[in-house]
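Every number for a ligand or one of its atoms is a count from 1 in the order of the listing. Position 1 is the first residue of the sequence, and the numbers go up from there.
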Amino acid sequence: MNTVVDTRLIQSMDSAHFLHPFTDFKDLNARGARVMTRAEDIYVWDSEGKRVLDAMSGLWCVNVGYGRKELADAAHQQMMTLPYYNSFFQTTNVPAAQLAAKLASLAPTVGDRSFKHVFYSSSGSESNDSNVRMVRRYWDLLGQPQRKVIISRLNAYHGSTMAGASLGGMSGMHAQGDLPIPNITHIGQPYFFENGLPGESAADFGVRAAGWLEEKILELGADKVAAFIAEPLQGAGGVIIPPDTYWPEIQRIVDQYGILLISDEVICAFGRLGHWFAYEKFGYKPDLVTFAKAVTSGYIPLGGVMVGNRVAKVLIEQGGEFNHGYTYSGHPVACAVALANIEIMEREQLPQRVHDDIGPYLAKKFAEIGEHPLVGLAETCGFVGGMVLVKNKSTKARFGDDQGIGMVCRGHCFSNGLIMRAVGDRMIIAPPLTMTHAQIDEMTGLILKCLDLTYADAQKNGWLA
Ligand code: PXG
C-alpha cells in the first residue's frame, strides 16, 4: 500500500477540521499533529519515515501486534457476507453469537461466580454506561431501588461519556461539565508510593486503603450502595499496582455489605496481566467485567460487559424488556475480528507467554531500570510497567508539577524512536504481548537512554535535590 503522504497537507486538513480527543486544540494547531501512516509488528512509522517502537500498543490495544493479515481477512470476509445487521428485534448474527460463547468459555468461574453472558457495546465508555444501567435495573428488580450509589476511586479511568467520566476519578474531567452525575462518589486510590505512611508496610497500607470503601459504605448507609467499580490495576492513572492485600480485603467488604463488584478490565483483560481476565490474577469475584480495546487488539472498535450469574439471573428471569442497547451491539464485523484475534492469542498462547516468559523477563529488566538515578520506583505486573521519576533517589523527593518531568522524558522518547506514556511524574508502558526477548532488550535500552537524557536536562535546569 502506498503510504507516502504530503505531511503539510494532512496537517493543514487536520488542524482546520479535526478536534482531537483530550487535546488543547490551539496548541496542537500551532505545532501540527504527527501523522502516523503505517505499522508492522511492534513498530509504527510517521509520514516523515521515522520508525518508533510502540511500547504502548497504540493505547493499550494492540496485544497481538500490528500487521496481522488474519484480522484484515476476517473483516473483509464478514463485510462481504453480512457487513451489518442489528441485534434488536429478536435477531442475531453468526459472529456475535459465536463470540459470546467464546468469551463465556474464556472467563473463568471463581467461587460461586460464573460468566456465561455478554452485553456488547463499541467501547469501554459505553460498556461502563451499560454497567450503570444494569446495576440500577438489578436493584430495582430486587425491590431495592434506593440502592443507587456507585462507589469508585480517585484517579480511576472509566471512560469519557457522562457516566464513564463520572465513574472515573479524574479531577480535570470532573471540572469540565458538572461531573460527576448524581449518585457516584469516590474513595482514595491504593497508591502506596504516594499515600503510604512513614513506617507503614505495603501490606498494611493495602488493608487500610481497602478500608476506605467500608468507611464510605457506612457513611452512606449500606442500603444506599449499589456497586463498587475498580480497575484491577489503574492503567490510565499511571499503572498504579495495588498491594497484594488490597483485593482480598475489598472482596471481604463487598461480600459483607452485599454490594455488586464491577471489574473494569478494558486495559487488563486479554493477556495483559498473564490471564484472559484480570480478576483471575488477583483472585476476586466480580459481578460485571468491562472489556474493550484488546478484544479486537484495537483493529476495530468493540467493547462489552461479561455479566456474571448473579446479575444475569435477575435480568433474564425477572427483568422483562431491558430498555438499553446500541446500534452496534453485536456488530458482525467487529465480532468476526474479535474471534480471529482470540484465535491468534490462543494459538500463540499469549496470556501464558506473559505469565511464564515475557512478564518475568520484563520484571527483570525493570529491576535494572529501577537502579537508574532518576527512578524512585520501577515495577511491573504481567506485561505492564510503570516507574516514578524523582529528584532524589534516596529521599524519593518528587518533582514539581510545573517542571513537567514526564513530558520532558516523553519528548526524548519521541525523538529517540520510542513511544512511552507520561502520567504526571510516572512513565508507563504496555507493549504488544508478542515481543521477543531481543525486542524487550531493545525497548529497555531506549528507555535507559531517554532516562539519561531526561536526567541530564533535570541536572542542567537545577531540578535535582
Ligand atoms: N475503562 C478503562 C479502564 C480504560 O482504560 C475506558 C474504560 C474507556 O474506554 P474507551 O474505549 O471508551 O476509550 C478506558 C480507556 C490513556 C488512555 O491515556 C486510556 C484510555 C483511554 C484513553 C487514554 O492511558 N483507556
In the protein, what heavy atom is nearest to [atom], and what distance, to one decimal place, separates them?
{"atom": "atom 5 (O) of ligand 1", "value": "Ile267 CD1, 3.1 Å"}
{"atom": "atom 7 (C) of ligand 1", "value": "His158 C, 3.4 Å"}
{"atom": "atom 18 (O) of ligand 1", "value": "Arg421 NH2, 2.4 Å"}
{"atom": "atom 23 (C) of ligand 1", "value": "Leu59 CD2, 3.5 Å"}

**OP:** Measure the acute angle between the ring planes of Trp247 and Phe282, then classify it against the limits of 30° and 60° as parallel, tilted or perpendicular.
**Re:**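 The rings of Trp247 and Phe282 sit tilted, inter-plane angle from 30° to 60°.
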List the atom pairs, with distances to 0.1 Å, where a side-chain N or O of residues 283-295 and a protein N or O form a donor-acceptor pair under 3.5 Å, not counting sequence neighbours.
| from | atom 1 | to | atom 2 | distance (Å) |
| --- | --- | --- | --- | --- |
| Tyr284 | OH | Ser263 | OG | 2.7 |
| Asp287 | OD1 | Arg113 | NE | 2.8 |
| Asp287 | OD2 | Leu261 | N | 2.9 |
| Asp287 | OD2 | Arg310 | NH1 | 3.3 |
| Thr290 | OG1 | Asn128 | OD1 | 3.0 |
| Thr290 | OG1 | Asn131 | ND2 | 3.0 |
| Lys293 | NZ | Leu59 | O | 2.9 |

Short list, please: which atoms of ligand 1 are under 4.0 Å from a heavy atom of [X]?
{"X": "Ala236", "result": "16 (C), 19 (C), 24 (O)"}
{"X": "Lys293", "result": "15 (C), 20 (C), 21 (C), 25 (N)"}
{"X": "Asp264", "result": "1 (N), 2 (C), 3 (C), 7 (C)"}
{"X": "Glu231", "result": "3 (C)"}
{"X": "Ser123", "result": "11 (O), 12 (O)"}

Subject >> Best match, Phe291, Phe22, Trp60, Tyr157: closest heavy atom to atom 3 (C) of ligand 1 >> reply: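 Among Phe291, Phe22, Trp60, Tyr157, the closest heavy atom to atom 3 (C) of ligand 1 comes from Tyr157.
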**OP:** For His117, enumerate each residue passing the ring-ring contact (aromatic ring centres under 6.0 Å, His included) test, keeping only those at least two apart in sequence or located in another chain.
**Re:**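 None.
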For residues [X] and [Y], establish whether the separation of their ring centroids is below 6.0 Å.
{"X": "His331", "Y": "Tyr326", "value": "no"}
{"X": "Phe115", "Y": "Tyr279", "value": "yes"}
{"X": "Phe270", "Y": "Phe277", "value": "yes"}

**OP:** Using a 4.5 Å cut-off on heavy atoms from C-beta on, say whether the side chain of Met420 contacts that of Met387.
**Re:**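 Yes, their side chains come closer than 4.5 Å.
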**OP:** Would you mind telling me which of Arg51, Lys449, Lys365 makes a salt bridge (charged side-chain N to carboxylate O under 4.0 Å, His left out) with Glu442?
**Re:**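 The passing option is Arg51.
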Original post:
Do ligand 1 and Gly124 have nitrogen or oxygen atoms that lie under 3.5 Å from each other?
Top reply: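 There is such a contact, yes.
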Original post:
Does Ser125, backbone or side chain, put an N or O under 3.5 Å from an N or O of ligand 1?
Top reply: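 Right, the criterion is met.
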